[in-house]
Structures are given as structure tokens and as C-alpha cells.
Amino acid sequence: MKKWMTSVAAIGIASALLLTGCSAGGNDGGDSGGAALTIAKPDGAIATENNNPWIGDSSALKLGYANVIFEPLAFVNLIDPSQDIVPWLAKEVTWADDYMSVQLTARDGVTWNDGEDFTADDIAFTLQLMKDNAAINPAAIPFGDITVDGDTVTVTFTSSVFVKQDKVLQSFIVPKHIWEGVSDVTTETNPEPVGTGPYTLTSFSSQSVKLDQRDDYWGGELAVPTLYYVSYNDNTALTTALANGEADWAQAFIPNIDDAYLSKDENNEYWAPAGLGVDALWFNTTAKPFDDKALRQAMNYIVDRDKHREIAREGSVPALTSVTGLPTPAGDPYITGDYTGQEYSVDVDEAKSILTDAGYTWNGDGKLVDPSGTQVTFTIQVPQGWSDYVTGITLIADEVKEIGIDATVDTPDVDTWWANKGTGNFQAILHWTDTGLTPWDIYSDAMDGARYLPIGEQSEGYNFGRFDDPTVTQALADYANASDDAGREAALETMQTAFVDEAVILPIGTRPFIGEYNTRNYVGWPSDDDPYAVPEPTRPQQLLILTKLQPAK
């Protein structure tokens, strides 16, 4: 059995929770006298309040304030998965050796922000809710029986969750006494959110969402008394707000970051640790033109990853080189023998050869024509205001001219784009993959038939391109359920070969965890010297960071 409980490290964090906020300058932050903290996004106005902690387009998840109202069972370090977990609402976590079950001991002394006691029944109820509603279980955690004995919840799984430990442990827990009366958890807007977290929702508007620290949080008083969540129109407006101190914390691409942000104040900081995630061009594999593997393969030889890194990302992220799509060095241990040393390259002649062999031709104007006689065109979508992504798809649209394709760049608003990618209403989009403990996440996100939904049904669980190959799906399941390294290596070879050959998505660049923050009012942020959490404020680890912040001297 693998057991984690409140350890010395966790006690250190608990001690940090007891810090009392004191005056640190900046915005008036509330009763404790500390400065408020403004957390920002570049997504335009969020006009509709929705505090659902599961549905991806809710305001609570888009802006990130769900992370301070609701709490997980434990925190996992995605920068260094070898680190021990940090127990949270579960004070003890004990995994079976085969990861087919876990025992979760509920922390005592915890209350919901409406005054009710938190118990093991809340954990069991939440996980059962996820089991019964696939729409709020985007990671497709294979829940089996969920039982309660005193303060301990035992959860069994119908298959191993070796690759989904983080998804299980970082699930938000909700109060049974509130949600047992909800008829449809997928449409519930949760206007008065009740959580165990240290902050409560005070006000909501399309300009700013305010949360104030509660005075009865189980972990004690945090240094930051008030949080504001603001969404600016685009990256440019967000950069200006970060540079001049109007915003304090964000996860955003900043062009010319040294001049535009870091040089504006010695307290401005930028940290982008690597993980096993990538930005990728995703294809709708169910419809023309990308239902043809040959075209997807040819595109792989047209996209210039170095140009994307230097222009779209201004050299601020590590190079992506391996044809397996795995970032290095984090992905090096997982590159199978056939692909060791094989790197992406631009080769227009090879792209044209693939197309010719597949029956494509070119008309008198040099435009690519598919085997049915139809000129090949497509549209790429990303949200307006996401400047690095817009630049990225503009580069791709220019590059495909080399093989005679006219591509259109479309930049809808975030809500429209989100709906389109979820329902499969696109030809190509630039989107990220999840970052997990192993390469399984990248490959499952792109190719897993277990995540397949018909076109038109809203997917929050990746496989947006609707790829479905039973052999690949089985290999992904075999990797997740293998009892030893040999079994995982065999499955990895199958799914990695399919990833390269099928070209379901084209990894374009590495996707590190990006965080911009300042130390004017608070210190204790994660860094190279203390990489205790990812620095992005849209992830559950936002809460862990807030518990570590201390007033600047």
C-alpha cells in the first residue's frame, strides 16, 4: 500500500496558513489590513455568472476563482511528479499497489462556508456524483464502489488509475447538503457557492469578481484578505495591467516580455517551468479535409516549429524537437527505440511526395486538389485576443501555401470558440494538451476512443478531433492498467507509433506552466529555487500558493 498523510512538509504548509495578513501597501484589502491581489485573464468580458465547479466554460473555472472556494483531496506536483503529494481535505491517502482502490481519510475540523461540518460523506457524495455524471468527469475516472466507514472513504476503480492519480486527488469536493438537491449538475449555475476554501464570493460583475477571506477557515488566516478576478480584452491589455501593477498574477503569453513587463518594475517576476504538455494543431478527423491521414502527415512536414517558437512565442519556451511530440528533457525517458533521435523538420518535397502517393494533384493555379477533385481549403480557429495563438495560426496559414492550400484564420470570441471545439464544429484549432504524470495524457487527449463523443455533443474531455481506433484505445487502456514497467513499455510503443503515423494532432510547441506575478506586496511564490507548485492561477494549485504567500517586508 502507498500511504500519504499529513507530513512534516504538510505541517509546514499548515503553519503558513496561520500567518496573519499585515499592511503591505497597494490596494485596500479588507479587515486584516493586507493588500488585495488581482488575478487576471485575457479573455474579454465574462458577462454571465456561473459558479459550477465542473463545467469548463463556467465563469468560476474560466477566471479561476473556483480554486479558492472549493478544495481538492490533495495536491500533486506536476513539475516534479516524484514529489510526495500534499494531503488537503483528505488528511490521509492510501493507494493500493495496483491503483485499483484508494482510502481517503477526511480531515476533521473543517467546515463549509455556510457553517455546516465537512465529513467523509461529502467526499463520497462528490465522487459518486462524478461517477453518475460523465459530463463532470472529463478525465473519465473509472469509479467503482464508493463506501464510507467512519471518517474513511474507500473508493474502488474498475481499472487502474495509475495515470490518473492527480485527476482523482485534485477533484473539487462539494457539500452533499447543497448538491443533493440539484436536479442537473451540468446546468446548475450555483449562484451562492458553498465550499470549504478560504474565500467566499462577495460580488460579481463583467468587469471584476471579488472574493473575501472568510474568518472561520479550517487552515487559519491567510496573508491575502481579498482577491479580485479580472478579464481584460486581450493579451496586450493584460500585459499593460501587469506592467503597471493594476494586475498582480496571471498566466498569459507576453510578447517582448523583458521590455514590456520585467523591466517595468524590479518586483515583476516570470516563471515558466516545463511539464509534459504541448500546444498542438488539432484536426477534425471526421470531415474533409482532415479525414485523410495523408494530408495530416503532409502537414507535419510543413509546420515550422522553430519559427513558431521564435515568432509566436518569441523564444520564451523550450524547443520541441522529438517526432513523438514529447517535450524534452521531461519526455526523454518515454521515447521508444524507433523514435530515439528522430526530430521534426520542414521538408516540402516530402510533404508533396506523401500527397502525390495518396492521389492528390495540383491545378493550373498551383492549388492542391484532393483525389475527389475538390480544392483543399480549411479554416483554423483560435480566440481573438490570444496573441500568441493568433500569430501561431497565421504562421501555419502562411506555411501551407507551400503545398497549395489556402487557409483562413478565424478568431471568434472565447465562448464561441470553446463551444466549437467541444462540439467538433471546426476543421482545425490550436489548442493545448493536458499535462499529467506520464505521456499517457498527451496521447489519450489526442486519440483515446474512451473519450469519443459524436459530433455535436459537447466534450470537456479532449479527443476534440473525434479520432477512434480500437487498437490505440486498447493500448492506452493497457498502459494505464499495466502492473509493471514492461507492460507499460509495450503499450507505449503501440500508442506512440500511432501518434506519429496518424498525425491526429500536430504538436507545435512546448507548453510550460506560465506565471507572471509581482513581489511588491507578497513573497513566497513558487520558483526554480522552490518549485512546490505550478504558477498558473487557473489551476487548483492556486490555493496552495495563496497559503504560502507572506507579506513582503
Side-chain angles (χ1 to χ4, degrees), residues 278-313 319-326 335 338-382 389 391-410 426-431 433 442-443 446-447 465 467 469 496-510:
V278 295
D279 287 323
L281 184 65
W282 294 65
F283 301 122
N284 183 338
T285 66
T286 70
K288 284 181 175 290
F290 296 118
D291 57 347
D292 186 357
K293 178 172 71 173
L295 180 59
R296 303 194 302 262
Q297 291 174 330
M299 291 274 289
N300 226 349
Y301 286 97
I302 295 301
V303 173
D304 190 334
R305 277 88 176 173
D306 288 336
K307 183 184 291 185
H308 180 87
R309 177 176 178 267
E310 291 302 322
I311 297 177
R313 302 305 298 269
L320 182 68
T321 58
S322 172
V323 298
T324 64
L326 300 181
I335 297 174
D338 288 346
Y339 298 112
T340 300
Q342 290 196 37
E343 298 187 349
Y344 288 121
S345 64
V346 176
D347 190 336
V348 176
D349 290 339
E350 178 64 21
K352 289 182 175 180
S353 176
I354 291 170
L355 294 169
T356 299
D357 290 345
Y360 287 77
T361 58
W362 286 263
N363 65 21
D365 295 325
K367 303 302 182 182
L368 184 66
V369 178
D370 72 18
S372 72
T374 303
Q375 183 178 328
V376 178
T377 62
F378 66 88
T379 298
I380 321 178
Q381 296 180 14
V382 298
Y389 268 32
T391 301
I393 65 171
T394 302
L395 289 172
I396 293 170
D398 185 60
E399 288 162 352
V400 298
K401 293 177 182 177
E402 292 283 344
I403 53 174
I405 298 177
D406 291 330
T408 300
V409 170
D410 182 27
F426 65 88
Q427 291 179 299
I429 57 172
L430 194 58
H431 194 279
T433 67
I442 291 179
Y443 297 150
M447 304 184 295
F467 180 78
D469 182 329
Q496 196 165 94
T497 298
F499 183 84
V500 175
D501 182 59
E502 292 287 346
V504 178
I505 67 172
L506 304 188
I508 303 299
T510 56

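Numbering starts at 1 and runs along the sequence shown. Side chains included, hydrogens not; waters and symmetry mates left out as well; all remaining heavy atoms used.
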Can you measure from [atom1] ([X]) to [atom2] ([Y]) and round to the nearest 0.5 angstrom?
X      : Y      : atom1 : atom2 : result
Thr285 : Asp291 : OG1   : CG    : 8.0 Å
Phe467 : Phe499 : CZ    : CZ    : 11.0 Å
Thr379 : Ile429 : OG1   : CD1   : 13.0 Å
Glu343 : Leu320 : CD    : CG    : 10.0 Å
Ile396 : Thr391 : CD1   : OG1   : 11.0 Å
Thr374 : Lys288 : OG1   : NZ    : 5.0 Å

Checklist entry - Counting heavy atoms not belonging to Glu310, are there more than 12 under 6.0 Å from its CD? => result yes
Shortest non-hydrogen separation from [X] to [Y] and the atoms involved:
X      : Y      : result
Lys293 : Glu502 : CD-OE1, 3.3 Å
Pro289 : Val376 : CB-CG1, 4.0 Å
Ile393 : Gln381 : CD1-C, 4.4 Å
Leu281 : Ile380 : CD1-CG2, 4.0 Å
Asp279 : Thr510 : OD2-O, 4.1 Å
His308 : Leu395 : CA-CD1, 4.0 Å

4.5 Å side-chain heavy-atom contact, [X] and [Y]:
X      : Y      : value
Ile508 : Tyr389 : no
Ile403 : Leu355 : yes
Thr361 : Thr356 : no
Gln496 : Asp338 : no
Asn284 : Phe290 : no
Asp370 : Leu295 : no
Phe378 : Val400 : yes

Next on the checklist: In terms of relative ring orientation, are His431 and Trp282 parallel, tilted or perpendicular, with 30° and 60° separating the classes?
Outcome noted: perpendicular
Next on the checklist: What verdict does the side chain to side chain contact (heavy atoms under 4.5 Å, CB included) test give for Gln375 and Leu368, after you've listed the backbone C-alpha separation in whole Å, the side-chain angles of each residue and the deciding distance to 0.1 Å?
Outcome noted: CA-CA 6 Å; Gln375 183 178 328; Leu368 184 66; over 6 Å; no
Item to check | Contact list for residues 339-375, test ring-ring contact (aromatic ring centres under 6.0 Å, His included), sequence neighbours left out | outcome: none
Checklist entry - Should Thr377 and Lys367 be marked as a side chain to side chain contact (heavy atoms under 4.5 Å, CB included) after you check the CA-CA gap, both sets of side-chain angles, and the distance that decides it? => result CA-CA 9 Å; Thr377 62; Lys367 303 302 182 182; over 6 Å; no
Item to check | Those residues that, when tested against Thr340, pass side-chain contact (heavy atoms from CB on, under 4.5 Å) (two or more places apart) | outcome: Ile335
Checklist entry - So Leu506 and Phe283, side chain to side chain contact (heavy atoms under 4.5 Å, CB included) or not? Walk me through it. => result CA-CA 8 Å; Leu506 304 188; Phe283 301 122; 3.6 Å; yes
Checklist entry - Do any N or O atoms from the side chain of Gln342 and from the backbone of Ser322 form a donor-acceptor pair under 3.5 angstrom? => result no
Checklist entry - So, Lys401 and Asp398, do they make that salt bridge, N to O below 4.0 Å? => result yes
Just distance, no hydrogens or angles: give the donor-acceptor pairs under 3.5 Å from side chains in residues 299-306, sequence neighbours left out.
{"residue": "Asn300", "atom": "OD1", "partner": "Arg305", "partner atom": "NH1", "Å": "3.4"}
{"residue": "Asn300", "atom": "OD1", "partner": "Arg305", "partner atom": "NH2", "Å": "2.7"}
{"residue": "Asp304", "atom": "OD1", "partner": "Asp306", "partner atom": "N", "Å": "3.1"}
{"residue": "Asp304", "atom": "OD1", "partner": "Lys307", "partner atom": "N", "Å": "3.0"}
{"residue": "Arg305", "atom": "NE", "partner": "Pro507", "partner atom": "O", "Å": "2.8"}
{"residue": "Arg305", "atom": "NH1", "partner": "Asn300", "partner atom": "O", "Å": "3.0"}
{"residue": "Arg305", "atom": "NH2", "partner": "Pro507", "partner atom": "O", "Å": "3.0"}

Checklist entry - Where do Asp410 and Phe426 land on the side chain to side chain contact (heavy atoms under 4.5 Å, CB included) test, with the steps shown first? => result CA-CA 10 Å; Asp410 182 27; Phe426 65 88; over 6 Å; no
